[in-house]
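Single-structure report; data block below.
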There are 2 protein chains.
Amino acid sequence: MSATAEAAAPASAKARAILEAAAELFITQGYGAVSMDAVARRAGVSKATLYAHFGAKDRLFAAIIQNACAEMRGETPEMGPAGASLFDAMLPMAIRWLSFLLRERSLGMFRVVVAEGARFPELARAFHENGPRATRQWLTGWLAAQAARGLLDAPDPALAADQCLALLRSEMFLQATLGIGAMPDEAAIAASAAAAMRTFCRAYERPRGA
Amino acid sequence: MSATAEAAAPASAKARAILEAAAELFITQGYGAVSMDAVARRAGVSKATLYAHFGAKDRLFAAIIQNACAEMRGETPEMGPAGASLFDAMLPMAIRWLSFLLRERSLGMFRVVVAEGARFPELARAFHENGPRATRQWLTGWLAAQAARGLLDAPDPALAADQCLALLRSEMFLQATLGIGAMPDEAAIAASAAAAMRTFCRAYERPRGA
DNA sequence: TGCAAACTAGACTGTACAGTTCAGTTTACC
DNA sequence: GGTAAACTGAACTGTACAGTCTAGTTTGCA
């Protein structure tokens, strides 16, 4: 077991090709189902090269997850126009975030981390910190700011953020995670996000005359 | 691939021992990490017997999931006293349900179904129907009844049920699923469930004077 | 008591796969 | 043009494991 990460930025073109091919395979098929031969074949690279860059299968897997985590950090959401109502401000970010969660790549990543969390606990932690936790932290700050402006009645902004994100991660996300039913289209995603935000705002928006 | 279920009730004592041992192993370690030798050893049974009862590894796996699904169906929640407030009625069921979700066995089951959902789509579906979907259906009915009694303002009870369950499946459940952090104790679970129900009621409870 | 079915231990087959090795080729760079 | 490093292809080793087979033992039942 040697699942510590490589440098986030892969040096050579070959290394990048390997990372990309391996990410594709691991994320769609899972760790156990992917052979190193398959990775080498897909990357258009010899096995020797593969092993020269990443010394072992678990190291390659770790590098992929770390890499994906770095990408996730780039995905900071944005908020709607400042003067708008709470709902109007939150809806676009809710749609964006739910769309991100429902991308095949995000779902695959989540699945593989859940599946291999026991074998690679530090990867599960890294995933959580760079994904869910980072989003939560960002949203907590934003909600606290809205509370300070009097738009929101949230004595515990971190809890409110949790619940906001939980509302978005509802039945639709559960089904997608399990690979059940058709992938929801844009309209369905928007509708689900809107329903979540409507409920969130009903619970948390400060009444007009308070 | 032959992942159709055995009869739900295993006939002989040996078959039951195999199912139990295999469930323990598959659910804690995942499908790929468990060898048939290990199952036979743990069940105190020869490999020949194992193969006599369940013809192949995937069939054994299917039988286990089907079996666990049948158990889940037994776990129908109960509601608090009828005359109580919405919150008081819902809190006990919320705590019970969240406790159930956070049991090692439930988490392991969820993990393994998520991990193997691509390989065994019909099992993912069975899991969903007997677990999340059954709960959702039951809760939808209950919420519709409360809405009819005027306690609740939920024009779409199924959506309300989704959101109620999503609120319970929040950060605490996510972390537990990823195997991160200490397992929450009873008090933490109760607090999380209460927070979820408070938010749910704030969004959905019909105002007193309406 | 005797038979049939269930069971056992463990050896065996075949295959898939992680990881290594090596002789030879390409590429980059001075 | 020379050389060092990166790379290739393919063969190779060792191991883990699914599934089979056999020869013999236990158990349930008439």
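Every chain is numbered from 1, with letters handed out A, B, ... down the list of sequences. Just the heavy atoms: all of them, side chains too, but no hydrogens, waters or symmetry mates, feed the values below.
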* Side-chain donor or acceptor of A:Asn130 paired with backbone N/O of A:Ala126 under 3.5 Å -> yes
* **Verdict with supporting geometry, B:Leu107 and B:Phe173, side-chain contact (heavy atoms from CB on, under 4.5 Å)** => CA-CA 9 Å; B:Leu107 288 171; B:Phe173 174 70; 3.9 Å; yes
* To do: Examine distances only and state if a side-chain atom of B:Ser106 and a backbone atom of B:Leu102 form a donor-acceptor pair shorter than 3.5 Å.
  => no
* Tell me what A:Val34 touches on the nucleic acid: a base, only sugar-phosphate, or nothing, going by heavy atoms under 4.0 Å. => sugar-phosphate
* **Residue pair A:Gln175 / A:Leu178, side-chain heavy-atom distance below 4.5 Å** => no
* Distance in angstrom units between A:Arg16 CZ and D:dC7 P, rounded -> 12 Å
* **Protein-nucleotide distance (B:Leu25, atom CG; D:dC17, atom P), rounded to Å** => 12 Å
Protein-nucleotides 3-7 of chain C N/O pairs closer than 3.5 Å?
from	atom 1	to	atom 2	distance (Å)
C:dC7	OP2	B:His53	NE2	2.9

* Anything under 30° is parallel, anything over 60° is perpendicular, the rest tilted; go ahead and classify B:Phe120 against B:Tyr31. => perpendicular
* For A:Phe54 and D:dC7, give me the distance from atom CZ to atom P, rounded to whole Å. => 11 Å
Identify the pairs formed between an N or O of the protein and an N or O of nucleotides 19-21 of chain D at a distance under 3.5 Å, and give each distance.
from	atom 1	to	atom 2	distance (Å)
D:dG19	OP2	B:Tyr51	OH	3.2
D:dG19	OP2	B:Lys57	N	2.9
D:dG19	N7	B:Lys47	NZ	2.7
D:dG19	O6	B:Lys47	NZ	2.8

* Asked: Do B:Met93 and B:Leu139 come close enough that some side-chain heavy atom pair is under 4.5 Å?
  -> yes
* Asked: For B:Arg41 and C:dT8, what is the distance between atoms CZ and P respectively, to the nearest whole Å?
  -> 15 Å
* Does a salt bridge link B:Arg119 with B:Glu116, judged by any charged N lying under 4.0 Å from a carboxylate O? -> yes
* Do the rings of B:Phe61 and B:Phe26 sit parallel, tilted or perpendicular, given the 30° and 60° boundaries? -> perpendicular
